[in-house]
Amino acid sequence: MKKFFFFAFLISSVLAFSQELKKPAEGKAIVYFIRSNSMGFLINFKYFDGEKYLGKFNYGKYLAYECEPGKHLFWSKSENVDFVEANLDAGKIYIIDSEPQMGAFKAGVKLVPFVDDVLQFKNEKKYLKTKERILKSITEKKEYTINDEDLEEAKQDLEGVVRRNIEKYNNRKANDSGFTQLTVEMNYKN
């Protein structure tokens, strides 16, 4: 019976991994922002690339953001704000998991780049389970696309949010606070 469950797990893992993600256009990169954990599932996290508002979504959705390769400052806002300094390569796919954190009033957010390398995990089983969870968050969830309501909200009250949080980033950077890095090598291997 144990062998049956092991083979069922193995087959489901192979099928999940065989699904290909959307490829970036020529000369571009794609960053998938996902929420693989359902904690705080109703809370929207807001996503940014530097000063550019990308939108907001809750658990059950993901965002596929096509952008120029090179350096980016990705950040997300909820009860807190979390930053990822990224350096992207053209033609590559990157995945950032938005992990909900316990907050005082609503869920906080922590951005965690997915490293598609079994050596970065304690064991192969943990790597396979993580990769399966990550891919299910993309292949089985709904892709978020920014809508008119979100764009209107962005025009009205996000200017101050962007200014304050870019200032917060710059202050932390000046005080030599380390930030999570997303490097060109951390791309998803389709």
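One distance of note links OH of Tyr32 with CD of Glu66; it measures 9.5 Å at 0.5 Å rounding. Going from atom CG of Asp117 over to atom CE of Met186 covers 10.0 Å, rounded to the nearest 0.5 Å. To the nearest 0.5 Å, atom CG of residue Asn175 and atom CG of residue Asn170 are 11.0 Å apart. To the nearest 0.5 angstrom, Ile134 atom CD1 is 11.0 Å from Glu132 atom CD. Taken to the nearest 0.5 Å, the CD atom of Glu167 stands 12.0 Å off from the CZ atom of Arg172. Between the NZ atom of Lys92 and the CD1 atom of Ile30 there is a distance of 13.5 Å, given to the nearest 0.5 Å.
Asp49 places no side-chain N or O within 3.5 Å of a backbone atom of Lys52 that could act as its donor or acceptor partner. With hydrogens and angles disregarded, a donor-acceptor distance shorter than 3.5 Å links the side chain of Asp82 to the backbone of Leu111. Here the side chain of Asn44 pairs no donor or acceptor atom with the backbone of Lys56 at under 3.5 angstrom. Under the 3.5 Å distance criterion, the side-chain polar atoms of Asn80 are matched with a main-chain donor or acceptor of Val109. With Trp75 contributing its side chain and Gly50 its backbone, the two residues share a donor-acceptor pair below 3.5 Å. For the pair Ser76 (side chain) and Phe45 (backbone), a donor-acceptor distance under 3.5 Å is absent. Side-chain atoms of Asn123 come within 3.5 Å of backbone atoms of Lys126 as a donor-acceptor pair (strictly under, hydrogens ignored). Under a 3.5 Å cut-off, the side chain of Glu79 and the backbone N or O of Phe105 do form a donor-acceptor pair.
In the hydrophobic cluster analysis, where Ile, Leu, Val, Met, Phe, Trp and Tyr join through side-chain heavy atoms closer than 4.5 angstrom, Val112 is grouped apart from Phe48.
Residues passing the ring-ring contact (aromatic ring centres under 6.0 Å, His included) test with Phe121 are Tyr127, sequence neighbours excluded. Remark: Lys77 engages no residue in a side-chain hydrogen bond (donor to acceptor under 3.5 Å, both in side chains) (not counting sequence neighbours). In this structure Glu51 satisfies the side-chain hydrogen bond (donor to acceptor under 3.5 Å, both in side chains) test with no other residue, sequence neighbours excluded.
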(request) Please report the C-alpha distance between Ile96 and Phe74 in whole Å, then the side-chain angles of each, then the deciding distance to 0.1 Å, and finally whether the side chain to side chain contact (heavy atoms under 4.5 Å, CB included) criterion is met. (result) CA-CA 10 Å; Ile96 299 176; Phe74 295 121; 4.1 Å; yes
(request) Walk me through it: do Lys61 and Lys141 pass the test side chain to side chain contact (heavy atoms under 4.5 Å, CB included)? (result) CA-CA 5 Å; Lys61 298 180 187 84; Lys141 306 294 187 222; 5.7 Å; no
(request) Check step by step if side chain to side chain contact (heavy atoms under 4.5 Å, CB included) holds for Ile138 and Leu21. (result) CA-CA 8 Å; Ile138 297 169; Leu21 303 183; 3.7 Å; yes
(request) Start with the C-alpha distance between Glu99 and Asn37, add both sets of side-chain angles, then the distance that settles side chain to side chain contact (heavy atoms under 4.5 Å, CB included), and finish with yes or no. (result) CA-CA 6 Å; Glu99 292 184 353; Asn37 186 315; 5.8 Å; no
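When the options Ile34, Asp116, Val31, Leu182 are evaluated for a side chain to side chain contact (heavy atoms under 4.5 Å, CB included) with Ile95, the one that passes is Ile34. Considering Phe33, Phe57, Tyr65 in turn, Phe57 is the only one that fulfils the ring pair (Phe, Tyr, Trp, His ring centres under 6.0 Å) rule with Tyr144.
Salt bridge status for Glu85 with Lys173: present, with a side-chain N to carboxylate O gap under 4.0 Å. Comment: Lys110 does not engage Asp97 in a salt bridge, judged by the lack of any side-chain N to carboxylate O separation of less than 4.0 angstrom.
Of the N and O atoms on the side chains of Arg35 and Ser98, not one donor lies less than 3.5 Å from an acceptor on the other residue. With no hydrogens or angles considered, no side-chain donor-acceptor pair links Thr183 and Gln181 at under 3.5 Å.
Annotation for Ala29 and Asp89: closest pair CB-O, 3.6 Å, computed over non-hydrogen atoms.
Contact check for Tyr94 versus Val184: side-chain heavy atoms found under the 4.5 Å cut-off. Residues Ile166 and Val162 are in side-chain contact: their nearest non-hydrogen atoms beyond the backbone lie under 4.5 Å apart.
For Glu152, the CD atom is densely surrounded, since the number of other residues' heavy atoms within 6.0 Å is greater than 12.
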